[in-house]
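One structure is given here, and the rest of the page talks about it.
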There are 2 protein chains.
Amino acid sequence: MRMGQTRPGLKDVAERAGVGVSSVSRVLSGHPDVSVKMRDRVMAAVDEIGYRPDIFARGLRGGPTMSVGLVIGDISNPLLSEISLGAESELRRAGYSLLFVNSMNDPELEAQNILLFQDRHVDGLLLSLSAEDDAGVLAALRTIQAPLVLIDRELDDSGEQLMPSAVLCDHRGGMRAAIAHLLDLGHRRIGCILGGHARFARMRRQGVEEAYAERGLPPTYNIVQGPLDADHGQAATSRLLDMRERPTALVVGGNQLLKGCLRELRSRRVVVGADLSLISCDETDLTEMHDPPIAVVRRDTHQLGRTAAGLLLRRIQDPEEGPVTTVHPTQFVPRASVVPVRETAGA
Amino acid sequence: MRMGQTRPGLKDVAERAGVGVSSVSRVLSGHPDVSVKMRDRVMAAVDEIGYRPDIFARGLRGGPTMSVGLVIGDISNPLLSEISLGAESELRRAGYSLLFVNSMNDPELEAQNILLFQDRHVDGLLLSLSAEDDAGVLAALRTIQAPLVLIDRELDDSGEQLMPSAVLCDHRGGMRAAIAHLLDLGHRRIGCILGGHARFARMRRQGVEEAYAERGLPPTYNIVQGPLDADHGQAATSRLLDMRERPTALVVGGNQLLKGCLRELRSRRVVVGADLSLISCDETDLTEMHDPPIAVVRRDTHQLGRTAAGLLLRRIQDPEEGPVTTVHPTQFVPRASVVPVRETAGA
DNA sequence: ATGAAAGCGCTAACAG
DNA sequence: CTGTTAGCGCTTTCAT
């Protein structure tokens with residue numbers, strides 16, 4: 001029974017101001033050829049009736065929607081959410097809004113979401129994909145006209161058709177530094193728990209290998225690769241601790257894995273920073289507040305998001321711009337979870 | 001230099017299938033009056049040319065956009081992100097997509113974001129607002145036609161114009177149970193650190209008061225109210241521990257506050273579960289993995305999100321539906337961070 | 001410098 | 001049951 005109360009349109013503004021609709025349109029889209037008088041009249045009318053342009057009608061004509069899509073595997077991961085926060089703040093400064101969608105780390109959903117953003121005419125896409133080589137995702141991406149920025153991912157894009165920009169992290173360097181630190185403290189049997197099939201896992205593995213190779217040491221490390229979740233973290237920890245030549249230090253590649261790892265250590269009553277040295281990748285509440293605090297390979301996630309947004313904006317605003325890749329530093333932060341091997345009780 | 005390659009429209013499908021545009025439209029929107037033959041012809045053509053409807057053109061006509069907006073204070077808060085995950089999963093099942101926007105806990109941004117969603121013609125709004133009484137936010141909300149669902153918030157809507165549904169949590173009951181547990185263990189001087197001005201803080205305060213009142217005990221608790229952040233958590237902890245009659249137990253109203261609290265306890269070398277009993281609200285990695293594990297007042301955040309989405313969908317799909325409020329249980333989970341007062345060393 | 005008018009892709013009358 | 005047609009609110013020629 002309620003009145004239609006349709007929101008005011010361009011026509012209403014034009015009527016109110018006693019001018020033509022196209023003049024109103026020109027004023028609102030900053031067209032140069034408008035008299036000051038006209039601009040004032042129109043703006044006054046706009047304020048009076050509280051006009052807001054209809055984004056759909058604009059989009060229909062193919063104009064920009066001033067929005068950017070972010071496809072993200074798991075927003076509940078604090079790192080990813082910080083990245084998105086950084087991206088959002090940068091985009092907002094430029095007048096763009098960021099639309100999130102979760103893909104639950106499911107490539108099929110991811111592909112759907114990419115298409116969904118295309119339907120919504122986003123002006124660009126930020127991608128933190130769960131898989132770098134999923135055929136469906138790649139196919140969806142190829143239908144996208146808008147510029148793409150990958151966040152800490154490398155696409156397995158054989159055809160090289162989609163020319164994404166990318167913001168990457170120097171995971172290899174960070175891992176190399178972490179391992180080097182352990183080696184300096186006398187550790188030789190180091191267990192590494194890695195997860196996922198994305199770039200970061202490959203790079204971290206390389207970092208481990210390089211650290212040993214640089215010092216001419218035999219590869220007495222053990223890398224346990226698996227899914228990127230707490231269960232793998234726990235299982236891998238268990239497996240490493242059960243080895244005959246039990247590692248004196250563990251390096252864990254991410255917060256989910258860390259959670260599982262700590263769970264296992266607790267159930268075995270292994271004391272971090274005494275019985276065992278421990279390093280994790282990426283700072284979270286857990287690493288910071290743990291007793292003892294856990295050494296980490298850290299990176300500036302907020303900045304990562306901001307840079308990603310910046311690269312995207314550049315390409316949106318100037319379509320001639322080519323893809324750019326930036327690499328962001330990582331930093332090893334030693335903490336009490338790491339002790340020299342001498343103090344470590346053997347098996 | 002690239003070819004315009006404009007995406008196929010309804011007209012193209014109609015041409016391909018040799019039928020009229022409206023028939024195509026009818027088939028696609030599931031209109032009952034279409035022959036099987038027609039449906040097949042059209043669907044074939046749709047597949048052949050890879051047609052996807054233009055959501056903007058649909059929206060322009062005032063139709064549903066199959067999207068829901070979520071205004072959220074801080075997506076990097078694991079609780080809020082879990083809620084949004086729950087909401088998203090429910091919405092997806094119904095074919096809706098969820099658009100997130102962060103408001104950085106800033107009411108002004110919040111109001112802007114509400115307007116932004118309105119511009120995008122969302123079919124409904126999920127709100128986890130940072131303030132319940134901000135004039136700008138309320139004004140923005142009043143311009144919204146779509147149904148609203150509040151998540152764990154009560155609006156200070158004097159005019160009662162906007163009839164939101166709501167999903168609430170029984171914070172009062174949870175807090176009452178937590179305090180009762182402490183009282184049973186002999187604690188009398190209990191410090192409570194609360195933060196924020198939203199419903200949950202009020203309810204928790206009431207829970208504390210009720211627990212004491214129920215047993216006819218004098219109010220020997222101390223409630224320190226402040227902003228909902230780690231700094232307040234730390235400052236409040238410091239203040240409570242400096243009291244002449246130092247509390248034997250602390251109850252902390254949220255994960256941010258907890259972080260600050262733990263920071264202070266660590267710097268003072270206060271041992272949780274021995275020198276002091278500790279309870280927090282809401283489960284996070286920190287409460288679970290802490291040594292000793294921290295007792296919590298828990299709630300099912302994923303379910304909360306799902307229910308919120310469900311309530312919204314009901315109102316979207318049947319505009320005659322009135323607003324509904326559901327209250328979700330909370331549960332006190334005792335853990336090793338809580339010990340009887342006898343074992344606790346006094347000041 | 002300004003206004004009139006033609007669509008953008010779609011849905012919903014309205015005719016057949 | 002199906003095709004034709006008139007807009008939805010806006011931008012953009014094209015005249016003036």
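Throughout, protein chains are lettered first and strands after them, A, B, ... in sequence-line order, and every chain is numbered starting at 1.
A donor-acceptor pair under 3.5 Å links the side-chain atoms of B:Asn102 to the main chain of B:Ile75, judged by distance alone. Counting only distance, with no hydrogens or angles, the side chain of B:Ser25 and the backbone of B:Val21 share no donor-acceptor pair below 3.5 Å. B:Asp106 places no side-chain N or O within donor-acceptor distance of the main-chain N or O of B:Ser103, the cut-off being under 3.5 Å. Formation of a donor-acceptor pair under 3.5 Å by the A:Asp123 side chain with backbone atoms of A:Val68 is not found in this model. No donor-acceptor pair closer than 3.5 Å links the side chain of B:Arg199 to the backbone N or O of B:Glu154.
The residue B:Gly62 sits apart from the nucleic acid: no heavy atom pair falls under 4.0 Å.
For CZ of A:Arg16, the number of neighbouring non-hydrogen atoms (other residues, nucleotides, ligands) closer than 6.0 Å is 12 at most. Taking a 6.0 Å sphere around CD of A:Gln317, one finds it holds more than 12 heavy atoms contributed by other residues, nucleotides or ligands.
Taking a 4.0 Å limit (strictly below) on heavy-atom distances, residues 116-124 of chain B does not reach DNA chain D anywhere. The stretch residues 20-58 of chain B touches DNA chain D through B:Gly20, B:Ser22, B:Ser23, B:Arg26, B:Asp33, B:Val34, B:Ser35, B:Met38, each having a heavy atom within less than 4.0 Å of the strand.
First and last contacting nucleotides of DNA chain C toward chain A (any atom under 4.0 angstrom from a heavy atom, 5' to 3' order): C:dA1 to C:dG9.
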Which side-chain N or O atoms in residues 318-326 of chain B pair as donor and acceptor under 3.5 Å with protein atoms at least two apart or in another chain?
residue  : atom : partner  : partner atom : Å
B:Asp318 : OD1  : B:Glu320 : N            : 3.0
B:Thr326 : OG1  : B:His328 : NE2          : 3.1

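Under the side-chain contact (heavy atoms from CB on, under 4.5 Å) rule, B:Gln118 has a single partner from B:Asn113, B:Leu125, B:Ile144, which is B:Ile144.
Residues B:Leu312 and B:Pro147 meet the side-chain proximity criterion, which asks for heavy atoms closer than 4.5 Å.
Aromatic ring pairs are classed by plane angle as parallel below 30°, tilted from 30° to 60° and perpendicular above 60°; the pair B:His121 and A:Phe56 is parallel.
Applying the side-chain hydrogen bond (donor to acceptor under 3.5 Å, both in side chains) rule to A:Gln112 yields no partners; only residues at least two apart in sequence or on another chain are considered.
Inter-axis angle, ends of the helix from C:dA1-D:dT16 to C:dG16-D:dC1, five pairs per end, rounded to 10 degrees: 40°.
Here B:Arg52 pairs with A:Asp119 in a salt bridge; the nearest charged N to carboxylate O distance falls below 4.0 Å.
If you measure from atom CG of B:Leu60 to atom C1' of D:dT11, you get 13 Å, rounded to the nearest angstrom.
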